[in-house]
2 protein chains.
Amino acid sequence: MLISEFAKATGLPVDTIRFYIAKGLLKPDRGLKGGSNPFQLFTPEEVTVARMIRLQQTLGYTLGEIRALNDEYRAGAHSPERTLEVLQLQIERLQHRKAALDAALTFLHGKVEWIRSGRTGPAPQMEDDQR
Amino acid sequence: MLISEFAKATGLPVDTIRFYIAKGLLKPDRGLKGGSNPFQLFTPEEVTVARMIRLQQTLGYTLGEIRALNDEYRAGAHSPERTLEVLQLQIERLQHRKAALDAALTFLHGKVEWIRSGRTGPAPQMEDDQR
DNA sequence: TATAAGTGTGGAGTGTACTCCATGGTAAAG
DNA sequence: CTTTACCATGGAGTACACTCCACACTTATA
């Protein structure tokens, strides 16, 4: 698909997509159309890659870190062991993130309870999650 | 406590704390010491506020949005209803975030399974979470 | 009382992630 | 063949969140 269709599929602005390509996060093929500056062609797999990038961003990774991770992932694409390792790493980070989120939810629920019960006792504190 | 102790308690650099104060995210009192530029004094409650700020940041909020939320929270500090409303809002956003995280985890686990079973069938795709 | 350490203020500089624009080439529709 | 839409490239500009001074003043220490 062409860049505008890719933009629709991912919800990303065309400029952002080009920015990601410049940063090495996406590597579309070049088609036959476009003459001297051939048009870039995107696969449906790259749509998933793009969504993964957005997710990783929400996890606090910089585009540089995401690129490194994804490059490593691609490099080991033919080694199931390595691929699984990278996936496992991602999963662990997500779970760590989820734990922090749960801690925050516990804190907020605790605070709600504390207020409902007339603010008796000390206000709930939040633990340091030293991300 | 003084700013350097607050820095230790929160793990934030002194410069960042001052930056947050300038942005209106933290509002320490002024003590008697310090002459013309009185020293700022922080309470243990503000340590929790600072941790909450960091958490909100990891959820993708800008400092401006965090400030707005916290200001509203403080504004309704004497109205339990409003306070509970704001807390409820925070809780909902966190839960929404958690749902997106769970979707990503499902995707990753699915991918692990897909690889383990010899990449039979189509590769798992990730849904759009339109955050 | 000298001196080191801590504090406040103002402003400049940095890295990240876009976002916008001008220019020029290519493609599809009528 | 012209008009309209789409594409690529390069570079400038922007918003955000710090981060790093320089300077002046205050406090604690020897």
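What's counted below: heavy atoms across the whole structure, side chains too, no hydrogens, waters or symmetry copies. Lettering follows sequence order; numbering is per chain, from 1.
- One hydrophobic cluster, built from ILVMFWY side chains closer than 4.5 Å, holds both B:Leu59 and B:Tyr73.
- Atoms CZ (A:Phe6) and P (D:dC6) sit 18 Å apart, rounded to a whole Å.
- Listed here is the closest heavy atom pair of A:Arg97 and A:Thr58: NH2-O, 4.1 Å.
- What separates CG of B:Asn37 from C1' of C:dG8 is a distance of 5 Å, to the nearest Å.
- A:Phe39 has its CZ atom 15 Å from the P atom of D:dA5, to the nearest Å.
- Hydrophobic cluster membership is shared by A:Leu94 and A:Leu87, with clusters built from Ile, Leu, Val, Met, Phe, Trp and Tyr side chains linked at under 4.5 angstrom.
- Contact annotation: the side chain of B:Arg93 never approaches that of B:Gln56 to less than 4.5 Å [non-hydrogen atoms, C-beta and beyond].
- For B:Gln40, no side-chain nitrogen or oxygen approaches OP1 or OP2 of C:dT7 to under 4.0 Å.
- Within residues 62-74 of chain A, the residues approached by DNA chain C to less than 4.0 Å at the level of any non-hydrogen atom are A:Thr62, A:Leu63, in residue-number order.
- Listed by residue number, B:Arg18, B:Arg30 are the residues of residues 12-36 of chain B with a heavy-atom contact under 4.0 Å to DNA chain C.
- Summarising the geometry, the separation between CD1 on B:Ile3 and P on D:dT27 is reported as 16 Å, rounded to the nearest angstrom.
- Atom C1' of nucleotide C:dA17 and atom CD1 of A:Ile53 are separated by 13 Å, given to the nearest angstrom.
- Per the geometry, CG belonging to A:Leu2 stands 5 Å off P belonging to D:dC7, to the nearest Å.
- More than 12 heavy-atom neighbours from other residues, nucleotides or ligands sit within 6.0 angstrom of NZ on B:Lys27.
- One finds no side-chain N or O of B:Gln57 lying less than 4.0 angstrom from the OP1 or OP2 phosphate oxygen of D:dC16.
- Between A:Met1 and A:Ala9 the shortest heavy-atom distance is SD-CB, 4.5 Å.
- For the pair B:Phe39/B:Ile3, no side-chain contact is recorded, criterion being any heavy-atom separation below 4.5 Å from C-beta on.
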